[in-house]
Protein chains: 2
Amino acid sequence: MTASTEPRKVRADARQNLDALLTAARTVFAHSGVDAPAREIATEAGVGVGTLYRHFPNRAELVAAVFTTEIDATAAAAAELLESHPPKEALDLWITRFTRFVATKQGLSAALRSGDPAFDALPALLIGKLGPALTALLDAAAATGDIREDVDPLELLQAVGDLSHRAPSPDGSPNPMVRLLLDGLRTR
Amino acid sequence: MTASTEPRKVRADARQNLDALLTAARTVFAHSGVDAPAREIATEAGVGVGTLYRHFPNRAELVAAVFTTEIDATAAAAAELLESHPPKEALDLWITRFTRFVATKQGLSAALRSGDPAFDALPALLIGKLGPALTALLDAAAATGDIREDVDPLELLQAVGDLSHRAPSPDGSPNPMVRLLLDGLRTR
DNA sequence: CACTATACGGAACATTGTTCCGCTTAAGCA
DNA sequence: TGCTTAAGCGGAACAATGTTCCGTATAGTG
C-alpha cells in the first residue's frame with residue numbers, strides 16, 4: 001500500500017543540485033552571514049536561482065536546512081550533559097554551548113531577532129528542537145532547588161539567543177550578559 | 001567673526017518640509033514601525049523622496065531624529081529617579097522605563113539588533129545619550145553595595161534593549177527576562 | 001523686479017527576494 | 001538502443017525598497 005504514489009524516482013541531478021546548494025549555502029553563510037543574497041548561493045552552487053527556489057520555498061527554509069544538523073547535535077548534548085554533570089552545571093554548560101552556536105553563525109542572531117517574516121522558519125526550528133532540551137535541563141535544575149521554577153524555557157531560549165550576538169570570549173565562556181542572566185536564575 | 005559662512009537664511013519652505021517630515025515619520029513609525037518605506041513617509045509628509053534625503057542622509061538618521069526627544073527625556077529621568085529613590089530602586093525603575101520606551105516603538109528593537117549598517121545611527125544615539133545616564137545609576141547602586149561593580153553600562157544597555165522586544169506586562173513591569181537580568185545584577 | 005542659490009519632485013538606478021516559463025534531460029519502456 | 005515524457009533547469013522578469021540625480025521652481029536678496 002505504500003507505492004501507490006511513486007510513479008518515478010527523484011532525478012539524480014536534482015539530488016546532486018540539492019546537495020550542492022546545501023554545501024554552497026554552508027560555505028557562503030560562514031563567509032558572508034545568513035543574509036547573503038540567494039543569487040550568491042545559487043552561483044556558488046553552480047545552479048540558477050530557479051533551482052534554489054524549487055528545492056526551498058524561501059531563503060529561511062534553506063537556512064533552516066543548513067543548520068538542522070548542528071541544532072540536532074546541540075539538542076542531543078543536553079541529555080549527555082545531564083548525565084555527566086550536576087543539573088545546574090549541565091544547564092550552564094549547555095547554555096554556553098548554545099550561545100557559542102548562535103554567535104558563531106554570522107547573522108543568525110540578527111535573523112532570529114529581525115522579526116522579518118522571511119525568517120519565521122528559524123524560530124520554529126529552534127523552538128521545536130531546542131525547547132524540549134532546555135525544558136529538561138531547567139526541570140532538573142529546579143528539582144534540586146538550584147534555580148527558580150517560574151522560568152519559561154522558550155522565553156529563556158529566545159532571550160539567550162537575543163544576547164548572543166556578541167562573540168563569546170576566547171576561553172569559551174558565554175558573554176557577560178548571558179552570565180548575568182544565568183545568575184538571575186539562581187534561587188536566592 | 002561668526003557670520004562669515006552665512007550668506008543666506010534657511011528657506012522657509014525647507015524648514016516647513018523638515019517639520020512635516022518629522023511629523024509624518026512619527027505618525028508612520030507609530031503605525032507601521034520604523035521599517036516603513038521611505039516613500040511612505042515622504043508621501044505622508046506631502047513631499048518627494050528627494051526632499052526626505054536632502055534633510056536626512058538616510059532613513060536611520062530620520063529615525064534617530066524622531067526619537068531624540070524621547071531619548072533625551074529618558075536620559076533626564078535618570079537624575080530625577082536618583083533623587084527620589086534609593087539607588088537600586090532608581091536603577092530598576094529606570095530600566096523599566098527604558099524597556100517600555102523600546103518596546104513601545106514598533107520595530108525599534110529589531111532595528112537596533114538587526115546589525116544592518118543602515119541603522120548605525122541608532123545605537124550611537126542611544127549610547128551617547130543614555131550611556132551616561134545608566135552609568136550614573138549603576139555607580140550609585142554599586143556604591144551602596146546593592147549590585148556588583150563589574151558591569152559595563154553599555155553592554156547592559158544593549159542587553160536590555162535586546163530583551164525588550166516583547167511588550168511589557170500591562171502593569172508596566174519589565175518583561176521576565178529583563179527582571180532576571182536585573183536580579184543577576186545583585187550582589188549575593 | 002530680476003537674479004541666483006536653495007530646495008523640490010520624482011524618475012531612474014541598484015539590490016534583493018521570488019516567480020515564471022520555454023528548453024533540457026534523466027527515467028522508464030519497448 | 002532509441003523514444004516519450006514529465007521532472008527539473010536556468011535565468012529573464014517582476015516587485016519592493018533604499019538612494020541618487022537632475023531639470024525645474026521659488027524664496028530671499030539687492
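All chains are named by letter (A, B, ...) in the order of the sequence lines, taking the proteins before the strands, and each is independently numbered beginning at 1.
The shortest distance between the side-chain N/O atoms of N17(A) and the OP1/OP2 oxygens of dG8(D) is not below 4.0 Å. Between T51(B) and dG9(C), a side-chain N or O to OP1/OP2 separation shorter than 4.0 Å is present. Regarding contacts with the backbone of dG8(D), every side-chain N or O of H55(A) stays at 4.0 angstrom or more from both OP1 and OP2.
Residues D162(A) and M177(B) are not in side-chain contact: their nearest non-hydrogen atoms beyond the backbone lie 4.5 Å or more apart. Put simply, the side chain of L185(B) does not reach to within 4.5 Å of the side chain of L181(B), judged on heavy atoms. Two residues are said to be in side-chain contact when any heavy atoms from C-beta on lie closer than 4.5 Å; K105(B) and E70(B) meet this criterion.
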Please tabulate, for side-chain N and O atoms in residues 81-91 of chain B, each donor-acceptor pair with protein atoms closer than 3.5 Å (sequence neighbours left out).
| residue | atom | partner | partner atom | Å |
| --- | --- | --- | --- | --- |
| S84(B) | OG | E80(B) | O | 3.0 |
| H85(B) | ND1 | E89(B) | OE2 | 3.1 |
| K88(B) | NZ | D92(B) | OD1 | 2.7 |
| K88(B) | NZ | D92(B) | OD2 | 3.2 |

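Regarding D13(A), its CG atom lies at a distance of 5 Å from the P atom of dC9(D), rounded to whole Å. Atoms CG (L18(B)) and P (dG9(C)) sit 13 Å apart, rounded to a whole Å. The interatomic distance linking K9(A) (NZ) with dA27(C) (C1') rounds to 9 Å, in whole Å. The distance from atom CD of Q16(A) to atom C1' of dC9(D) is 13 Å, rounded to the nearest whole Å. Regarding I41(A), its CD1 atom lies at a distance of 17 Å from the C1' atom of dG10(D), rounded to whole Å. Whole-Å rounding puts the L52(B) CG to dA7(C) P distance at 15 Å.
Under the 4.5 Å side-chain heavy-atom criterion for grouping Ile, Leu, Val, Met, Phe, Trp and Tyr, L125(B) is connected to L157(B) within one hydrophobic cluster. L154(A) and I95(A) sit in two unconnected hydrophobic clusters of ILVMFWY residues. Membership requires side-chain heavy atoms under 4.5 Å apart, directly or through other members.
Residue whose closest nucleotide on DNA chain D sits further toward the 5' end, between A14(A) and A12(B): A14(A).
Between L130(A) and I71(A), the closest heavy-atom pair is CD2-O, 3.6 Å. The two residues E40(A) and V28(A) have their closest heavy-atom pair at OE2-CG1, 3.7 Å. Shown here for A65(B) and F56(B), the closest heavy-atom pair between the two residues is CB-CE2, 3.7 Å.
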Every protein N/O lying under 3.5 Å from an N/O of nucleotides 2-4 of chain D:
none

Sort me out a list of protein N/O and nucleotides 18-22 of chain D N/O pairs below 3.5 Å, or just none if empty.
| residue | atom | partner | partner atom | Å |
| --- | --- | --- | --- | --- |
| dG18(D) | OP1 | R59(B) | NH1 | 2.8 |
| dG18(D) | OP2 | A38(B) | N | 2.9 |
| dG18(D) | N7 | R39(B) | NH1 | 2.9 |
| dG18(D) | O6 | R39(B) | NH2 | 2.7 |
| dT19(D) | OP2 | Y53(B) | OH | 2.9 |
| dT19(D) | OP2 | R59(B) | N | 3.3 |
| dT19(D) | O4 | R39(B) | NH2 | 3.4 |

